[in-house]
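When reading the values below, keep in mind they use all heavy atoms of this one structure, side chains included, and skip hydrogens, waters and symmetry mates. Every number for a ligand or one of its atoms is a count from 1 in the order of the listing.
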Amino acid sequence: MKVMKFGGTSVGKPERMRQIAELIIADNEPVMVVLSALSGTTNALVEITHRLAASDKQGASEKIEALENHYNKFIDDLLQDVSLHARAKEVLNEHFEFLSITQKISLSDALNKDILAQGELMSTKLFSLFLEQSKIDHALLPALDFMRLDQNEEPDLALIQEKLNGVLANYTTKNIFVTQGYICRNAKGEVDNLKRGGSDYTASLIAAAIKASVCEIWTDIDGMHNNDPRVVEKTVAIEQLSFDEAAELAYFGAKILHPTCIWPAQQENIPVKLLNTMEPKAPGTVIKKEAGTVGVKAVAAKDDIIAVKIKSTRMLLAYGFLRKIFEVFEKYKTPIDMITTSEVAVSVTIDSDLHLAEIIAELNNIASVEVERSQTIVSIVGNEIAMTDSILKKLFNSIDEIPITMVSYGGSAHNISLLMPSEHKTKTLQLINKGLFDL
Ligand code: ADP
Ligand code: ASP
Ligand code: MG
């Protein structure tokens, strides 16, 4: 069985749903189809939760109404069969009634997550009705029955595997399954999600759980490009990436993949393919164990980074100083992205300020601490990049004018990371495109 995940733009229009129905029956291999919400829906739902949190009931209700109108038009175009259209209307009524009720009850974290889950629940139900109209035999599997987080709010792959395989055992004659990306239940059994862009993560987790032949991520671009196409004009698709390279690119900001979605597929050695729904014949990018070629492959950028500069209050970095620092970040479950050290100081970067105040307070017992916000990490990713001819010279020559505040090199064979104030990101990505990729 293979996994085919379709993102927001790939399901965002009725004609696209028609197109993906053709793609899933194109070969005879059994398939698990993972769908995102229609494009724009999750953003709209987030906005609704913000308005509710701000007690702006009028604003929330306007947003809900606009969304409902959009979905009503969508089903008018998608479903010509009168009785299936009526069932779609019932589906929409049920979900929009729920959204209306949320305005009357007090907002909690759990309710927030319930609101955010509506998008994927609706897209899959509508697609299932469309498949029924097209006489394509299939089963719709509720992701909430098998997608689970553990106590640490991380996906529980062993449990997912057990539950999903249990569910699949009930459908020995079906070849096409449809399920929701992004949504799951947490260890308390509440509705939760895998964070923004999480449908990629669902796809990879399911691929690992069912030992799929391939995990296909269908989106609106022909694969992973060498640079961020939203920022840089001329970018090109990469033919092949290793799991490690793809994981670095995803983690360091290449939006085409959820930041941590590679590990489940990597663990089971399942190839991941990035493909374009709008151009299904394009080769796309294949992500597998082997890197294919040596050298620089791509650059990505991660915004909203906070630099924490920690200076020992003693003159030298005493034995055990680093351990004490790391323990503070560990205590507050705050991952460190970049690190550099000198004789008396350590600088690290983090991407969340959730526990920053507590971290600073504890570090202040052993060091003086300075914080700089609004930083961006630019990561150059490739295979054995340290071995690439004159890589550092080329890189630094090309970005000579950029005020770089941290450099991380040598930590991995796949990555060189630079830190800079965010206002220099665009220029840096453009300069690197010329200097390293000759584009
Ligand atoms: P989906 O809704 O299908 O999950 P996303 O919007 O999450 O799609 O991801 C696809 C988008 O990622 C592309 O349209 C592109 O603008 C953006 N993107 C950012 N960096 C890259 C990159 N290096 N290669 C390809 N796409 C990228
Ligand atoms: N719908 C969710 C989002 O927009 C998940 C996804 O599309 O991957 O973040
Ligand atoms: Mg995405």
Pairs of nitrogen or oxygen atoms, one from ligand 1 and one from the protein, closer than 3.5 Å: please tabulate them with distances.
residue	atom	partner	partner atom	Å
ligand 1	2 (O)	Gly8	N	3.1
ligand 1	3 (O)	Thr219	OG1	2.7
ligand 1	4 (O)	Lys5	NZ	3.1
ligand 1	6 (O)	Lys255	NZ	2.8
ligand 1	8 (O)	Thr219	OG1	3.1
ligand 1	12 (O)	Ile256	N	3.4
ligand 1	14 (O)	Asp220	OD1	2.8
ligand 1	14 (O)	Asp220	OD2	3.2
ligand 1	23 (N)	His225	O	3.2
ligand 1	24 (N)	His225	N	2.8

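- Taking 4.0 Å as the cut-off between side-chain N and carboxylate O, Lys255 and Asp228 do not count as a salt-bridged pair.
- For Glu190 and Arg185, the salt-bridge test fails: no basic side-chain N is under 4.0 Å from an acidic carboxylate O.
- A side-chain donor-acceptor contact under 3.5 Å links Ser352 to the backbone of Leu354.
- Shortest contact from atom 6 (C) of ligand 2 to any protein heavy atom: Ser199 OG, 3.3 Å.
- Salt bridge annotation for Glu216-Lys273: absent, with no cationic side-chain nitrogen under 4.0 angstrom from a carboxylate oxygen.
- Under the 4.0 Å criterion applied to side-chain N and carboxylate O atoms, Lys73 and Glu68 are not assigned as salt-bridge partners.
- Look at Lys113 and Asp192 and you find a salt bridge, because one of the NZ, NE, NH1 or NH2 atoms lies within 4.0 Å of a carboxylate O, short of that distance.
- Distances shorter than 4.0 angstrom occur between a heavy atom of Gly198 and an atom of ligand 2.
- Close contacts of ligand 2 with Ser36, meaning ligand atoms under 4.0 Å from a residue heavy atom, involve 6 (C), 7 (O), 8 (O).
- Under a 4.0 Å criterion applied to the non-hydrogen atoms of Arg196, ligand 2 contributes the atoms 3 (C), 4 (O), 9 (O).
- Using a 4.0 Å cut-off between charged nitrogen and carboxylate oxygen, Arg18 and Asp77 count as a salt-bridge pair.
- Using a cut-off of 4.0 Å between Lys/Arg side-chain N and Asp/Glu carboxylate O, Lys163 and Asp145 are scored as not salt-bridged.
- The pair Glu245-Lys297 counts as a salt bridge, with a side-chain nitrogen and a carboxylate oxygen less than 4.0 angstrom apart.
- Look at Glu120 and you'll find a heavy atom under 4.0 Å from some atom of ligand 2.
- Ligand 2 has at least one atom lying under 4.0 Å from a heavy atom of Gly197.
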